[in-house]
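Below: one structure, written as structure tokens.
The structure displayed is predicted, hence computed values, not measured ones. What's counted below: heavy atoms across the whole structure, side chains too, no hydrogens, waters or symmetry copies. Numbers restart at 1 for each chain; the letters A, B, ... are given by sequence-line order, proteins then strands.
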Amino acid sequence: MAKAMPKNFDFKEAEGRIYKWWEKSGWFKPEVAPPDAEAFTLSMPPPNVTGALHTGHALFTTVEDLMTRYERMRGKAALWVPGTDHAGIATQLQVEKMLRDEGTSRQEVGREEFLARTWAWKEKYGGRITDQLRRMGASCDWDRERFTLDDGLSGAVQDVFISLYDQGLIYRGPRLVNWSPGLQTAVSDLEVEREEEPGKLYFFNYPVEGGESIPVATTRPETILGDTAVCVHPDDDRYKYLIGKTAYVPILNRAIPVIADEYVDREFGTGALKITPAHDFNDYEIGIKHKLQFINVMNRDATMNEAAGQYAGLDRFACREKIWADMTVLGLTVKVVDHPHVVPRSQRGGEVIEPLMSTQWFLKIQPLADKAIAAVRDGSIKIVPERFEKVYFNWLENIEDWCISRQLWWGHRIPAWIHQDGRIFVGKLPPKGDGWTPEEDVLDTWFSSGLWPFSTLGWPQETADLKRFYPTSIMETGYDIIFFWVARMIMLGLWFTDKPPFHTVYLHGLIRDKFGRKISKSLGNTIDPLELIDQYGADPLRFTLATSGTPGNDINLDSEKVEANWRFVNKVWQMTNFVLGNIEGDVPDGLPSANELDLPSRWIVSRLTRLTSSVQYLFDTFQYGEAGRQVYDFLWSEFADWYIEVSKYPLYEGDEQAKENTRRVLLHILNTSLRLLHPYMPFVTEELWSYLPHTKSALILAQWPVAATAYLDDKSEAEMTTLMDLVRGVRNIRAEYAVDPARKISASVAPGSYRANLEQYSYLFARLCNVSQITLLAQGTAAPDESASVVVSDVTFYLPLAGLVDVAAECERLTKEQDKLLEQISKSKNMLGNEQFVSRARPDVVERERTKLAELEASAAQISERLTALCK
RNA sequence: GGGCGAUUAGCUCAGCUGGUUAGAGCGCACGGUUCACAUCCGUGAGGUCGGGGGUUCGAGCCCCUCAUCGCCCACCA
């Protein structure tokens, strides 16, 4: 006798309890598998240590936990390594805000104090995100949790930096970089977002010696102050004669040359270009090529510096206005036109990025990129979906050196010292001698993230974990960080471990709102996963995230879907409740052999078998969404709607043998389905599992189902389908004629080839469509009068509905149906009459078509007969 | 300027090795209080699968082309 189940799943009570039980029992650890088990390793994309769970986290947790639980159930030593990222800029900004609220600033408290405050912040909030991941059900091994600023990982970062420097791949020097004036740091190309914005193009005349002038255009007049040349196309007849002459920077009257370069587009603007090598990336190239002066006219906060003369101290945008006004007074300006153009903005904060000269550290990345390209090309790393390989190649093939230094305080400090005389020392310990200053800069956060798959396993030490679990198996993350993170992990992993850090990259999409809009605070369409968990539980949220999309495509999340899946959770609960409520005594484990089963049982077991192998195929090809939907459909539309309903007959009215067989089938379907469902909805399935007989261990450790092909049974599926269609047909008639649902009716049946089935399973119609009595007509018997008919295959049900059947309406209904049939028949005949189809299509397709045609014709014949009898 | 994705029912989406009558959830209409579930059950309406062309015995699916929307990459002042 099974223990009694509560009426509903109390997820609020159960989720925490179950999670604790799993974690305490050590079941998230790979050690639950035998020592010789194959390893499956997943590195969690580390969320920002002080972050809070958002839908993106919820999605990756769902998918990665699904993968991990699946592999664990398959008996692998499954290890999902969790951790958090120090997230340099993000965290520093948060702490800076806190200091501002306290009325102070990081500059005021100083570096040491600031770092102490940040660590305290991390201690305070660092556990929040990991607790929230637990609420999602994440089965990662928390004993192996890592933080990018841990000693071990920091050591790895230093080793890598020093090694790359020693290999000549890291260099330091003044370069034009993307400068964030607000954050006061350099950022990488990837951290700059470019979007077209309305703007203006300013036309003016550049004074040239001898009273000449060259008209030029610019979008940023303040950079005029840093001009060190005017450039024209060498073949431009308009300006050719001025090449080599001297021009004079407006306001400053600094002398600069007029040069020629084919880079200039004669068609654009005036066809002449002012060159500001220290404030524009294109001009920078031209400046180097023509050995021009580099004059920096801005400070680090984007105010003008002394080189800007009278404009020193002005903000860059104020300067833009001022200098233009001044030039207008001087009669130099020509016109200002509206000119939408691309403005670089900081990914964080949104301020306009300024190209600025500064001394930074760079990584020569091409040699690493070459290896990374090769690894994907030769298939040692596979990207799912495959189309992202193209994006990956394109980026790596055109990669620029990586600016890895940041003028922040929170992060891995670059292990270097700079001497007064300009020498650089790179190492873990300070160099001997005087005059050395430690480097203040820290590394780009992504530098340490790039080592994540192996640094978390103990590298550079040859730890047992590293040996057992590296290379990892799958890197599951969003396509939005394929450059930031995925490519860099591959490059650094190959470079330092000589192995691809993972064999598969699985990319998921972004979560959007239900209208497909990007989620943002300003739009006010943020979705808080924790609220959804509070409301519906983690399982419905996970199931929704897992089944709402396809790999690499964005998901529009709608809380209504979560609600719908919450109902699914309840449905599964009620199915189990029903099955257990109908168990008595000891039911033998496992299934009876197929020949001992009745038709509905053979059908449902065959369907389950098909489902299991389909799910397996879908998992093998990373189609988790489709797999989940199939399990859902099977359980609800086949198991609950049909098998459970049908099983009530043997359960309530059958003999002992029938009861036992049915119980065994019910339990088997449930047992298998819960296992298939567990990676999607771990909590409710684990809870239900505990009520099932024959389940000694926890579901989390149960064996993943394997399709028992001996139970595949096409014939039973076809027969059952016909019976189900008949039931639907009767229900349909009843609804159409508005027959009281409680009213029992009888049926006369021309059974065709289904005589035996109909005799044996007539109870089905009593149960499912309230047909209490079925009379099988002998062949050639006339159909009863005043009845509606249901035709499926070669079976006809006559429902004598005295007083309800309207002959005219019935005739119309039948005619409509006949027309439909005739159309299909003609289509089918055409097909089979086509020599090409018969000879070229696969034989099973042709065979199926023949069967179909035979059935259609049988049905049509019966309807035809009926029409003749009933209608004139 | 390149590249990618999307376009299927009123809404949000599945349908990825081409093959019965294209599906789901929600919404809508009608009907259901007997023993798993009203968090439910039954029935129904609703789609020329963005347009055009092609390949094929057969196309929502493959190829070409166009359109609209979205995203990524790219140095045009």
Side-chain angles (χ1 to χ4, degrees), chain A residues 5 7-9 194 201-202 216-220 223 231 263-265 267-276 280-285 339 341-342 385 387-388 390-391 394-395 398 479-480 482-483 509-510 514-516 518 547-558 560-561 563-571 573-582 617 621 623 625-626 629 632-633 637 640-641 644-645 648 652 728 731-736 738 740-742 768-769 820 823-824 827-828 831 834-842 844-846 848-849 851-853 855-856:
Chain A
M5 281 175 64
K7 200 166 158 43
N8 294 298
F9 179 45
R194 292 158 208 279
L201 190 56
Y202 300 79
V216 298
T218 180
T219 55
R220 297 185 292 152
T223 62
C231 188
Y263 165 78
V264 177
D265 179 352
E267 308 298 318
F268 189 90
T270 65
L273 192 56
K274 62 185 268 315
I275 305 295
T276 324
D280 183 281
F281 286 99
N282 299 312
D283 295 5
Y284 181 86
E285 296 300 322
H339 178 68
H341 63 284
V342 173
R387 64 184 137 93
F388 286 104
K390 214 166 169 177
V391 180
N394 184 52
W395 188 68
N398 301 289
Y479 67 72
D480 53 326
I482 186 166
F483 307 138
L510 272 36
K514 63 189 253 187
F515 304 112
K518 211 168 173 170
T547 56
S548 288
T550 44
N553 286 337
D554 295 349
I555 293 174
N556 296 354
L557 182 60
D558 182 353
E560 278 181 18
K561 282 188 197 168
E563 188 183 326
N565 287 321
W566 163 72
R567 288 200 284 262
F568 177 51
V569 166
N570 176 256
K571 187 74 181 178
W573 185 270
Q574 301 306 337
M575 291 173 203
T576 311
N577 185 39
F578 169 82
V579 172
L580 296 181
N582 284 286
Y617 166 76
T621 50
Q623 301 180 72
E626 180 61 16
R629 287 186 289 269
Y632 176 105
D633 287 341
S637 312
D641 286 353
I644 283 187
E645 291 309 319
K648 287 173 182 173
Y652 301 161
R728 285 195 194 95
R731 285 171 174 171
N732 178 351
I733 295 280
R734 295 187 65 127
E736 255 181 62
D740 180 351
L768 300 174
C769 49
K820 232 195 292 182
E823 199 189 311
Q824 284 177 45
K827 225 192 251 172
S828 184
M831 244 167 127
N834 184 337
E835 172 63 27
Q836 300 281 357
F837 171 70
V838 178
S839 59
R840 293 200 186 181
R842 280 204 323 267
D844 61 302
V845 174
V846 177
R848 202 165 46 197
E849 195 59 33
T851 314
K852 184 183 120 192
L853 179 59
E855 289 208 352
L856 289 171

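Residues A/Y202 and A/H339 are not in side-chain contact: their nearest non-hydrogen atoms beyond the backbone lie 4.5 Å or more apart. Under the 4.5 Å side-chain criterion, counting only non-hydrogen atoms from C-beta, A/Y263 is not in contact with A/E285. Side-chain contact check for A/L273 versus A/F268: every heavy-atom pair is 4.5 Å or farther apart. At a threshold of 4.5 Å between non-hydrogen side-chain atoms, the residues A/N8 and A/Q574 count as touching. A 4.5 Å side-chain heavy-atom check between A/T223 and A/T218 finds at least one atom pair inside the cut-off. You'll find the side chain of A/R731 reaches within 4.5 Å of the side chain of A/L768, heavy atoms only.
Using a 4.0 Å heavy-atom criterion, one finds that A/E736 contacts no nucleic acid atom at all. Within the 4.0 angstrom heavy-atom criterion, only backbone atoms of the sugar-phosphate kind lie near A/Y652; the bases stay farther away. At a threshold of 4.0 angstrom between heavy atoms, the contacts of A/T550 include nucleobase atoms, whether or not backbone atoms are also involved. Counting any heavy atom pair closer than 4.0 Å across all strands shown, A/Y479 reaches no nucleic acid atom. Among the protein residues, A/K648 comes within range of the nucleic acid bases, having at least one heavy atom under 4.0 Å from a base atom. Using a 4.0 Å heavy-atom cutoff across all strands shown, A/D641 reaches sugar-phosphate atoms only and no base atom. A/R728 comes within 4.0 angstrom of sugar-phosphate atoms only, judged by non-hydrogen atoms across all strands, and of no base. Counting any heavy atom pair closer than 4.0 Å across all strands shown, A/A564 reaches sugar-phosphate atoms only and no base atom. Among the heavy atoms of the strands, none lies under 4.0 Å from A/F281. Contacts of A/W395 with the nucleic acid, taken as non-hydrogen atoms under 4.0 Å apart, are absent. A/I275 comes within 4.0 angstrom of no nucleic acid atom, judged by non-hydrogen atoms across all strands. Within the 4.0 angstrom heavy-atom criterion, no nucleotide atom of any strand lies near A/D554. A/F483 comes within contact range of the sugar-phosphate backbone alone, with a heavy-atom separation under 4.0 Å but no base atom that close. Nucleic acid contact for A/A640: base, since at least one base atom lies under 4.0 Å from a heavy atom of the residue.
Regarding contacts with the backbone of B/C4, a side-chain N or O of A/K390 is found under 4.0 angstrom from either OP1 or OP2. Proximity of A/R731 to the phosphate of B/U43: a side-chain N or O atom is located under 4.0 Å from OP1 or OP2. Listed pair A/T576 / B/A36 fails the phosphate criterion, with no side-chain N or O lying under 4.0 Å from OP1 or OP2. A sub-4.0 Å separation between OP1 or OP2 of B/G44 and a side-chain N or O of A/N732 is present. Dashed line: the shortest gap from a side-chain N or O of A/R567 to OP1 or OP2 of B/C40 is under 4.0 Å.
A/Y479 and A/F388 have parallel rings, their planes meeting at less than 30° on a 0 to 90° scale where 60° marks the start of perpendicular.
The separation between A/K561 atom NZ and B/U12 atom C1' is 5 Å, rounded to whole Å. For the pair A/R194 CZ and B/C72 C1', the interatomic distance rounds to 13 Å; values are reported in whole Å. Distance CG (A/N394) to P (B/C73): 10 Å, rounded to an integer number of Å. Atom CD in A/E560 sits about 8 Å away from atom C1' in B/G27, given to the nearest Å. Taking atom CZ of residue A/R629 and atom P of nucleotide B/A22, one finds them 20 Å apart after rounding to whole Å. For the pair A/D480 CG and B/C72 P, the interatomic distance rounds to 9 Å; values are reported in whole Å.
Under the Watson-Crick or G-U wobble criterion, with both distances below 3.5 Å, B/U33 has no partner in any strand shown. Across the strands present, B/A6 finds its partner in B/U68; the criterion is a Watson-Crick or G-U wobble pair with both atom distances under 3.5 angstrom. Using N1 to N3 plus N6-O4 or O6-N4 for Watson-Crick, or N1-O2 and O6-N3 for G-U wobble, each under 3.5 Å, B/A24 pairs with B/U12. Here B/C61 sits opposite no nucleotide as a Watson-Crick or G-U wobble pair (both hydrogen-bonding atom distances under 3.5 Å). When Watson-Crick and G-U wobble pairs are counted only if both distances are under 3.5 Å, B/U48 pairs with no nucleotide at all. Figure legend. B/A74 is base-paired to no nucleotide; pairs are counted as Watson-Crick or G-U wobble with both atom distances under 3.5 Å.
Proximity note for A/H341 (side chain, C-beta onward) versus B/A14, B/A77, B/A36: the nearest is B/A77. Each of B/A14, B/A36, B/G25 was ranked by its minimum atom distance to the side chain of A/Y632; first place goes to B/G25. Distance from the side chain of A/K827 is smallest for B/U21 among the nucleotides B/U21, B/G32, B/A77.
Heavy-atom nearest nucleotides on RNA chain B were determined for A/N570 and for A/A217, and the one closer to the 5' end corresponds to A/N570. The 5' end of RNA chain B is approached more closely, in terms of each residue's nearest nucleotide, by A/D558 than by the other of A/R842 and A/D558.
Only the C1' atoms considered, B/A59 is 14 Å distant from B/G53, to the nearest whole Å. Only the C1' atoms considered, B/G47 is 28 Å distant from B/C4, to the nearest whole Å. Remark: the separation of the C1' atoms in B/G5 and B/C26 is 26 Å, to the nearest Å. Taking atom P in both B/C11 and B/G50, one finds a spacing of 14 Å when rounded to whole Å. B/G23 and B/C61 have their C1' atoms separated by 15 Å, given to the nearest Å. If you take atom C1' in B/C30 and the same atom in B/G70, they sit 41 Å apart, rounded to whole Å. Between B/G3 and B/U56, the two C1' atoms lie 30 Å apart (nearest whole Å). For B/G42 and B/G27, the P atoms lie 16 Å apart once the distance is rounded to whole Å.
Using modelled atom types and a 3.5 Å distance limit, the side chains of A/T547 and A/K561 yield no donor-acceptor pair.
With centres under 5.5 Å and a plane angle under 30°, the ring of A/W566 is stacked against the base of B/U39.
A/E645 contributes a side-chain N or O that forms a donor-acceptor pair with the base of B/A36 under 3.5 Å.
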